[in-house]
Each structure stands twice: as structure tokens, then as C-alpha cells.
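Below is one structure, written out as C-alpha cells; comments come after it.
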Amino acid sequence: MINKNFVDFSILLLLKDKKEYLFSFFIFTFIVFLASSILFISDSIKHDLFIALDKQHQIIVKNTKSGRYTPLSEEHIDSILQISGVDNVKGKVDGYYYFAQDRRYFHIVVDESLDEHSMIISSEIKSILAKFKYTTQFNFLTQDGITSLDIKKVIKSNIISNDVILVNEDIARKILNMDEDEYSYLDVLVPNNSEIDFISLKIVDLYPDIKVKTKNDLKSDYEYVFYYKGGIFMILYIVSMISFFILLKNQISSVFGEKKREIAIFRSIGFAIKDIIFLKFIQNSVVALCSYFLGVFLAYIFVFIFGAPLLKNIFLGHDASHIIFTPIVDVKTLFVMFIFTVIPFLASILLPAWKIAVEDMSEVIK
Amino acid sequence: MRSKILIRNLYKIYNEKKENEFFALKNINLNIKCGEIVIIKGISGSGKSTLLSLIGALSKPSSGDILVNEQNIAKLPDIFSSQYRNEEVGFIFQSFNLVDGLSVYDNVKAPLVLSNINQDELKKKINLALEVANIAHKSQQMVSNLSGGEKQRCAIARALVNSPSLILADEPTANLDKNNSLIFVDILKKFKQLNKTVVVATHDTIFDNLAFVDTYVNIEDGAII
Amino acid sequence: MFFIKRILIIFFIFLVIIIGDLVTYDYVEKEDKIKEISSKMTSISPSFSFASKEYKKFVYDK
Amino acid sequence: MSLFLLNDIVVFIFIEVILLLLLFISEFSVLKVLKYWDFSATTTFQYALEKRNYLVNTIIYFTVSVKIVLFIFFVKSLDELSLLVPGAMCATGVIGANSYGNILLLFKIFMLFLLSIWIIINKLDLESKVFPYIKEKYYLFSFIFVLTCIEFCLELFYFMNIPLSVPVFCCSTVFKLDNLPFELNTSGLLIIYYLLFVVILISSYYKKSIISFFANILFLFTSYYAVTYFFGTYIYELPNHKCPFCMLQKEYFYVGYFIWFSLFLGVFFGISPYIIESITLKKYTYLHKYCILFTTIFVALSTYFVVSYYLKNGVLL
């Protein structure tokens, strides 16, 4: 049914008038590029987060007082251990150190294998410290004066290690100003997965102030954030798309209007109305498909090869220059993008194409 | 001989039933036989172009019948009238109506792309038409670079490429100098040899008293006199 | 046809670059790194993705 | 949290709105044509109406192609939604999450049927030189338009009412063996299934549209139950896994798409000749051969899993 000569001829005409199509081609490529960049970034972050979640503890217990997080004590550990089904409860120290000179927080994480004089930092933090001439060691300002630690190792920044400083537990308590028997959170080990929900309810029964998060809670939290915020992006997108398509429709109408005579010539040599509509449809499909693929390809290169400068900061804040996104290409995402961009594009040319096709042919006879 | 075009009680009225109602054609009756060359003469505005566009199914009559090959084309749906224009009719317009920005070859190709024929056949048909119209040597040139006479030969090649049995020419010599007009008259003779039915609407005196023309029709104010 | 071929060649080059990038990327290493660090730290709050630095502070201060 | 902020749903609703808008534009033309159409008239207005015909055609062609893509997208999205909706393991739970789901799915299939029938009538109409079925086809269009509006409302209601905190039922609870209608047992169901298949083959071969019509409608329902309660278990190779949707997933090599689409195509080509004949009042037997083709593919595909299971394991489930 599709006639090769006809398709060839449509493309010949498209190339002849390429100037008229350049505008829509570039804008559309840009829209696809932007949208797919955002989807690529969020897919990639999501992928990394879910990997991180894999190694998380089954139940995480945090204490709150008047709505703020406060440390937990040994007493909490003891009473949670009493609950049947709980295998082990580990108290963990973890928190944020405020680095006033650069006005930012460092995430202090405990690594048991380190001694009292060294720390491991992420490459992001390394470059921040280098700004202030700390190249081999760093001085933490604590209540008891200065604690000086050597930089033992630098680890690569990724989505969760970006602002991390790994230190010994005692040093961590010192930096975070926590007592010997204080813990930032508890890590509850439950051998039987089906008991997790039940046990977390029990913990809340014991201490109404305590916040309990299970792994599944976290998982759905992530899902929630990504679906939800993705949707907000989408809605912003729809607004911009609608304005683009209105623009496109007007632009196409005017381009088609200039081509009135040409269309009348084609009609006079035997092109039917449906042929003209089909001709315009082929031409615009070629434009739309080329822009779509070009946009997606450029987005891939921009996000995963160049690391998405500028756009990255929308997602991760300003201190994220060292994060490299894991290249994740989800066919479903591309399919969604395709439906979302190409179909409205083609829909917006149907009406102008018909209008120009049914123009009467009196123009040719004069 | 079998009649090629049979026109009965043909009217074309613009702005019907309005104040500025205008009768472009009034009660036209005409019988053109196969292989005939017919010259329709009349001053501009007399309705000869309208008549031509009705025969070519470019517009539709207000009333009356136009039978081409015993088939009424007056009320054909668009798909069929387009097919008729494509396969049965070759147009040669006053302003040539070529598509600027395409080469001569591609312009001549245009009517053929609708039918699904293979590449070799396509090339053969185009080259044949270019030969007949004597424009083959310029086939790769852009039409915008051609002279008036060459443009017309290109238009003729396009009209012939689908080997139609009916050729309609609307003021073919109006944009040509004397020399090229004479060449067109020669081409008319060629059409006669090819046994095509040709209808020419013109007011050019160069077509007067030609021996090979079968019928002269004078038209004035939309009526045949 | 010539045009379509040319476009396809351009896209093919892009595709080769992308597939090359996908194939050479060391997923296992990255995964190990993430897992290693995440086994050491507490739950990562989901609110920080999409959020700016200021927002993170706010979340933590709360 | 609202489902309307999900990427997929936003895109889905957006495209549906565009289609609705296009259909609305053509409905405007359709009403004009229905009111003023007079083929014998030679006025400019009548010719303008004839030209509007092509707008409606173009829009419908576009709508149908987009609807088919969207239908696949819809099913795929439901599958993904099952991650979000508590309790749902596959699309079954999401579809059954509220009372609109099943109606909506049926509606969507029905709409595709209707639109395809419209395209066939339109083709017959355009092949003739006097637009013989233009009124019929435009009445059908108006009907389709109304249905599309209802479908759109159903979609909105459906997405609005998917519970995100209360667990829904999963396929293992929805499809139990004693759910078979008319107190049929599996062997009875299979007998009817193959019997209907033979009836369809014969009626299609002898081009008896009316028999084919009724046989295909019965076959559609029988096949639904047969695939869900019998053939499905062989696809999953689990005696108690009864679900029409899980087979759409990657684990089963998307075989569900082939099974369901061959069934729908077969049934469509089986019932449409009769409907077209009753609208155009002329014999139209061109499609019967496709009915035979697709129904055979469907039956062969579903039987294949049982046979291959038997050959591999030597027993039936």
C-alpha cells in the first residue's frame, strides 16, 4: 500500500523546502532532548538508589522528640532485643558535620576498619577541602577542640557517597558530639522477612516517639518520589509542549499557505486530497522521527558521556560535580517519550494538511 | 468516429444566488471526437479557461454533463477525478506551473509517483517524454534556470509522461516569443500524429487557419457562437 | 532514498557510540561501590534527590 | 499521592485528550454532513462537504493507529502500576482495583472493533462513486464519538479510584476454578472451545456470515475462560496460576500479546462481515479468510503449550 516512489518524492520535496522545516526540527529536537535528558537522569538515579537500598537494613529505628530526631540510648537497644523474633540490634553512629567555611554539611559515616588518625573521603569532598588547602589532612572543630585526621583514601563519588567522610566510631562520636551510649539510629536484624511489619509495629508500641522505617517503606518512598516528581516534570512539560504545538500548527499553516500554488499544481496533475495529506504526513513524520532520534541520542551523550552539566544540579544540588550517572536505557522510557512527543506532533499537522489539500485549484488556471 | 468529449447543457455560475452572481459559462454543448485538435478562441474573460478547467475536472460545473470516454466526470468524487486527471489528461498551462526548486527530471516524474511502478519503467517513461518534448539535454537542470520555451517543453514532457489520451492547453503561447510559439505549433502537429485529442484555449492569432486543426470554436461571454 | 540512507548512517554512528559506551561501562564496579558504602551508612532519605543543597539542610535540621 | 502525577498516566491522558479533540473536530464536520448532505446538489457548499469527508477519514485513520499503540501502552502501564498498588502482582490486581477497570478494558477492545469496522465501511464508501454509505458511516461515527467520550470519563474515574493504601486482590484470589460460568468443568469448557473452533472454520469457509458472527462471539468468551483457567496454567507451568495478564510479562516472553491479539483479530474478522453486511446490505465475505488464519493461529498457539508440556513431562497438569 505504501508506494516507494511516492515516499521518495515526498522526501525530495521535503529537502527542497528544508528551510521551512528547520524551525520545527530544531525546537522539537530540543524538546525531546530536554525531556529525555531528565528521564535518563531520573532513571539512572533511581537505579543507583535501588542498588543502595539492597544493602540496607531490614528495620531502621530512629528516635524523635517534639518532632526532631534525637539520639537513642542503650536502653532502647535492650528493650528492642527483648522482642521475640529480633535477632540482633546494632546501634549506629551517623550524622552531619557543618563545615562553616564552605557552608555545607559533610555526612559522617562510621567505618570500623579505620584507626583514630585517618579518614576516607569522597572525591567531591576532596575537591572542596583542596579549595581550603587541606590536601593531606583536615581539622574538625569539635567541643573539645581540634581533631585532626589524615586523608587515607579517596573514594569515587556516587549518588550516596557524594558527601561522605568515613571515620572511626570514636572519632565520629567526637565530631558529632555524641556520648558513649548514644546512637543515631538502630539497625534491627529480623531473620524472618514476614515478621518485619509485625515487629516494627511492636517497636512503635514500646516507644511512641520512635520512627520505624522498613526496607519496603523506603522502597515505596523512592517509588513515590520518582513517580511523583517525574509527574510534576511531565506536567510542566505538557504546558511547554502545548505551546510548542500551537506554535507549530501556526507555523505549518503559514508554510503550507505559501505553498498553495505548489499544492494546486500537484492537484492538477492528479494528486488526490488524500495523497496531499499523506504527502504532508510523510514529510512531517520524517521530521518528527529524525528529531526524536537525534534528541534521544544527544540526550544520551549529554547525560551519560558528558555527565549532564547544569541539568545535574537541578536534581542533586550544587555539590554534585563528581557524580557520574550509571548509563541506564529503559526501552519503556523511550517508548513513553515517543508517544509523548511524536504523536502530538503528527496530530498537530493533520488539520493544516487537510486545509491546504482541499484548497481549490483555480490558482493554476489563469 | 467515437466521441471523446461530449458536453451537454453546461453551466458554470460563480456566487450562485447572490448579488454578484456571474455566469462564466452558459449552456455549452460540444462534441469532440477522438484524435481531434480543437482550438477554442476567445478574448480573455470569455470563459474558455473555465471550460478547460471543467473538462480537466479541476473544478465542478453548476449544472450539465461532461462525458469523457462516455463517463460523466461532472460529479466524480475527488479520488476518481484525481485519477482521471492523472491518467487521462495532460495539462499545459499558460504559466507552465512547474515546481521551482526541482529539476526538469523530477518535475516530469511528479505525475508518475502516484502509480506503483518500478524504477526502470519510471526512468524509461520519463526519458521517453523528455525526448518527445525535446528537453532531454536539460533533464538535470533546475527549472528556475530555464528559458520560457524550455519551461514549456518541460511542461509538455510532464503532460505527456503518463501517455494521456487528452491534452488540454490553456493559452500555451501567451508567455512565449514568436519563435517558440511556432515550435509549439509544430508540437501540436506531433500530437496529431500521436493520435491525441487536444483542446487548446487561446486568443493568439498564430493558431488561425492551421490545416491540421479539426475544429475552431469561438466563445464569447461564456457562450459558443 | 539517498537522504534516508544518509540519515540512517548518521543514526548508526550515534548508535555505535552509545552502544560502545553502554558496553564499556563497568556496572559491576559501580554496583560494588554503591553497595559497599550503603552497607555502612544509615537509610538514605529520598528527599534529597531532586532537592537542592538548602533543601537537604532543611530536611536534616528538621 | 495521586496517580495522575505518574509519568505514564500523564502521557496517557494527554494523548487521549488530543485524540478526543481531533474526534471532536471531525464530529463537527460529521454533524454538518449529516444535516446538509445532498449528493445530487451541485453547489459549492456540497462540494465543500465532500471535502470534509477526507478530514474525517484522515482523523479516524490517525486515531485508530494511535489507539492501537495506546492500548498496548495502557496494558503495559497497568503492569508497571502493579509495583505501586499494594497487593497487586500483575495487571489483574490493578484492573480489578475498582469496578471501572474491567468495564474500561472491555470498552477499549470494543472501541477498536468499532473503529476498524468503520474503516472498512469507509473503504467501501470511497470505492463507490456516489458515496452510498455516507449517512450510515457518519451515524456510526457519531456513535463512536459518544463512546469515546464515555471511555475517556471511565478512564478518569478508573485512575481516580485506584486505591494506593488499601491492598487489592491479586490474580491467585480473583481467578479460582469454581468461577467458571454455568457450572462448567474444564473438560466441558475445552469441548466447547474446540467445537466452536470447528464451527468457525466451517462457517468461515462457506462464508456464512451470520453463523460466523454468533460462533465468534461465543468463542471470544469461551476462549477467555479457556486461556485463563486452562491454557494459562501450561504457559506458566503452574497448576494453580490462573491469570490472563501475567503472560504479558517478560518472564513468559510476551507470549500473551500474541495469544490475545490473535484471538481479537480472529474474532474481529469473524464478526465484522455480518455487521458490515447489515449496514451496507451487501454481501461482504472478503474477511473470512483472515478469520480462519488468526483463529487457527490462536488455537494452535494455545494448544502448543499443552502439547509441549505433555511431551516434555509426560503428564498433564
Side-chain angles (χ1 to χ4, degrees), chain A residues 1-22 255-283 285-287 350-351 353-366, chain B residues 14 44 48-54 56-60 77-91 93-103 105-119 121-122 142 155 158-159 161-162 164 168 170-171 174-175 201:
Chain A
M1 202 179 107
I2 292 174
N3 175 349
K4 185 172 158 291
N5 293 334
F6 189 73
V7 175
D8 270 0
F9 193 69
S10 317
I11 293 174
L12 189 73
L13 290 176
L14 173 72
L15 290 180
K16 176 174 83 71
D17 300 325
K18 50 181 172 294
K19 262 189 221 136
E20 274 90 358
Y21 289 93
L22 274 185
V255 168
F256 286 3
E258 287 164 24
K259 297 285 164 204
K260 237 184 203 168
R261 209 179 107 84
E262 200 178 293
I263 299 298
I265 294 171
F266 287 131
R267 295 268 286 121
S268 74
I269 58 174
F271 284 53
I273 291 173
K274 69 174 170 60
D275 295 327
I276 300 283
I277 296 176
F278 192 45
L279 183 112
K280 291 289 160 198
F281 193 77
I282 291 176
Q283 292 182 337
S285 307
V286 170
V287 172
L350 287 185
L351 218 57
W354 172 76
K355 262 201 186 117
I356 185 74
V358 299
E359 230 23 94
D360 70 341
M361 289 167 276
S362 57
E363 196 115 353
V364 287
I365 290 248
K366 271 207 187 97
Chain B
Y14 289 109
S44 55
K48 56 190 189 316
S49 289
T50 311
L51 180 59
L52 224 52
S53 75
L54 287 176
L58 290 174
S59 54
K60 292 189 170 169
D78 175 69
I79 291 175
F80 296 96
S81 65
S82 297
Q83 199 184 356
Y84 158 76
R85 278 199 299 276
N86 187 244
E87 289 166 3
E88 296 285 326
V89 186
F91 284 104
F93 298 103
Q94 174 184 358
S95 47
F96 315 127
N97 281 338
L98 300 172
V99 180
D100 291 338
L102 290 186
S103 66
Y105 184 87
D106 290 330
N107 260 293
V108 176
K109 189 166 88 175
L112 287 178
V113 300
L114 292 169
S115 47
N116 201 0
I117 56 175
N118 65 38
Q119 290 292 315
E121 208 177 325
L122 188 85
M142 288 289 149
R158 188 179 64 184
V161 72
N162 233 345
L168 302 177
D170 179 42
E171 301 275 9
N175 286 343

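Quick caveat: nothing in here was measured; it's all calculated off a predicted structure. To find a chain, count down the sequence lines: A is the first, B the second, and so on, and within it residues start at 1.
Here the closest non-hydrogen pair linking L54(B) and K60(B) is CD2-C, 3.6 Å. Looking at every heavy atom in both residues, A155(B) comes nearest to F96(B) through CB-O, 4.0 Å.
Only the backbone of S115(B) comes within less than 4.5 Å of a heavy atom in chain A; its side chain stays farther off. Both the backbone and the side chain of I273(A) come within contact range of chain B, with heavy atoms under 4.5 Å apart. For I117(B), the parts sitting under 4.5 Å from any heavy atom of chain A are the backbone and the side chain alike. In this structure, chain A has a heavy atom under 4.5 Å from the side chain of Q119(B), while its backbone stays farther away. Looking at N162(B), neither its backbone nor its side chain comes within 4.5 Å of chain A, counting heavy atoms on both sides.
Here I269(A) is the residue among D8(A), L13(A), D17(A), I269(A) with the most heavy-atom pairs under 4.5 Å with chain B. Taking I79(B), L102(B), L112(B) one by one and counting their heavy-atom pairs under 4.5 Å with chain A, the maximum is reached by L102(B). Ranked by heavy-atom pairs under 4.5 Å with chain A, the first of V99(B), V113(B), L98(B) is V113(B). Of the listed residues (P111(B), A174(B), A201(B)), the greatest number of heavy-atom pairs within a distance under 4.5 Å of chain A belongs to P111(B).
Looking only at side-chain heavy atoms (C-beta outward), N97(B) and F91(B) stay at 4.5 Å or farther from each other. With contacts defined as side-chain heavy-atom distances shorter than 4.5 Å, the pair E359(A)/I276(A) does not qualify.
Taking the six-membered ring for Trp and thresholds of 30 and 60 degrees, F6(A) and F278(A) have nearly parallel ring planes, at less than 30 degrees apart.
Salt-bridge formation is detected for the pair R267(A)/D78(B): a Lys NZ or Arg NE/NH1/NH2 atom is positioned less than 4.0 Å from an Asp or Glu carboxylate oxygen.
N86(B) contributes no side-chain N or O that, together with a main-chain N or O of Q83(B), makes up a donor-acceptor pair within less than 3.5 Å.
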